[in-house]
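The model shown is predicted, which means the values in this text are computed figures rather than measured ones. Both counts, for ligands and for their atoms, begin at 1 and track the order of listing.
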Amino acid sequence: MDDLNQLRQSIRDIDAQILELTSERMNLCRQVGEYKRANNLPVKDYKVEKVILDRTRQQARDAGIEPDLAVSIMKNLIKYSVLEQDEIKSMMLAQGSSKAVKQVLLIGGSGNMGQWMAHFFEALGHDVQLFDRSRLSKTRYNYVESLDDGLAWAEMIILATPMESTNEILLDLCKRSIKAPIIELTSLKSPIMSGLNLANQTGLDVVSIHPMFGPDVKILSGRNIIICDGPKRSESVDVVEAMFRQTSANIIKMPLEKHDTFMSYVLGSAHMLNLLYANVLESSGIPFQDLEDVAGTTFAHQVGVTKNVVFENQDLYFDIQRLNLETDQLFESFKSQIHLMENSIRQNRRSDFKEAMKKSADYFRQN
Ligand SMILES: O=C(O)C(=O)C[C@]1(C(=O)O)C=C[C@@H](O)C=C1
C-alpha cells in the first residue's frame, strides 16, 4: 500500500510540473502574441505549427511514447495558446499590414466557411476582400461594392457558396473573361459538374477542393483537404497544393469523378447513421440525461459523435444527402444490412450475426 501511495505521490508531482510548464508555455505564447500584435502579424502560423507537430511526433518516438498522445497534447496546447493570443483582436490589427501575396476575393464570404477561408488566406499573408449578398455587421474584412469590382481586383477567387449557387456562379463566371484562378469548395462535385465542364470549355482556371472539416476548426493538423483533378487538369492545382502544403493538413489528391462516391461513405453514410441513431434515442421517450447517467463506453463515444452531427448546419446536411447521386444506393445498402441483422436475430441465426461481425472486423483489419 505504501508503494502505491508513493507511486501516486510521484504522479501528482509530475502532474504539478506539467501544469507549471504549461503555465510557463502560455506565458511565452502571450508574449509572442504581444509581439505579433505590435508587429501586425497574424496569430496563427500554420508553418510553425507543422514544424512543432512533426518534431513532436519524432520526439515522442525517441522517448518511447505514443506519437498520437504527444501530438494530441501539443495540439491542445497550441489551440489554447491561439485562443489566448486572441486571434480575432490581433488579426484585426494585422489587417493590411502583412505582405500581401495575392488579392483574394471570397464569394460567399459572409458564410461560416467563407469567414474561415478569409482568416486562412489572411494568415497566409494574402489580401482578402469579400463579396456576398448578405453582409455581416461584425467582420473585419471589406466587402467589394459589386461583383464586377471584386472580379476586376481579384488575383484569386474563392467560391465559399452553397452547392447549388456555386453551379450558377460558375456558369455566370464563364460568361466573363476571368484570368484569375478560381477555387471552389463544395462538399459534392456532381451538383456543379455542368459549371465545371463549361468552365473547362471556356478556359476558366477552376480548382476543385474540399476541406474535410467545418468552420470551427482551429488547428489543421490531422485534418484532410481533398484536391481534385479534372475535368481537365487546371494549371493552378499545383499552386493550391503548395499553399496547403505550408500547413499541417493532410493533402489528398483525387480524380474529380471519384469524389462523390467517396463522400457518400465518408460523409453521407456517417451523417445518416448518426441522425438515425439520434432519432431512435429521441423517440425512446426517455430523457437523454437519464440515459447518459447509465452510459457505457460505446454509448458515450457514439453520443459524442452523434451530438456533433445533430448540431451541424441542417441545410448543408440535407443537401449532402439530397444532391449526392449515390444516396439511393446508400439507402438500399442500409436497408439490406438492417434486414440481414434483423433476420439473423429474429431467426436465432447466431452464425449469420457472427459472420457479419467477422467480415466487418476483417475489413477494418486490412489496414
Ligand atoms: O510560434 C508562434 O507564433 C506562437 O504563437 C506559438 C504557437 C504555439 O502554441 O506553439 C501558437 C500559435 C501559432 O500558430 C504557432 C505556434
S.K.: Which pair of non-hydrogen atoms, one from Ser236 and one from Pro181, has the smallest distance, and what is that distance?
M.R.: OG-CB, 3.3 Å
S.K.: Of all residues at least two apart in sequence or in a different chain, which pass the ring-ring contact (aromatic ring centres under 6.0 Å, His included) check with Tyr80?
M.R.: none
S.K.: Tell me which pairs pass side chain to side chain donor-acceptor pair (under 3.5 Å) where either residue lies in residues 282-292, with sequence neighbours left out.
M.R.: Gln289-Asp293
S.K.: When you check ligand 1 against the protein, what N or O pairs turn up below 3.5 Å? List the atom names and distances, or just say none.
M.R.:
from	atom 1	to	atom 2	distance (Å)
ligand 1	3 (O)	Lys36	NZ	2.7
ligand 1	5 (O)	Lys36	NZ	2.8
ligand 1	5 (O)	Gln85	NE2	2.7
ligand 1	9 (O)	Arg25	NH1	3.0
ligand 1	9 (O)	Ser81	OG	2.6
ligand 1	10 (O)	Arg25	NH2	2.7
ligand 1	14 (O)	Asp45	N	2.8
ligand 1	14 (O)	Glu49	OE2	2.6

S.K.: Distance alone, cut at 3.5 Å: any donor-acceptor contact between the side chains of Ser344 and Asp352?
M.R.: no
S.K.: Classify the ring geometry between Phe244 and Phe120 as parallel (under 30°), tilted (30 to 60°) or perpendicular (over 60°).
M.R.: parallel
S.K.: Who pairs with Tyr317 by ring-ring contact (aromatic ring centres under 6.0 Å, His included), at least two apart in sequence or on another chain?
M.R.: His271
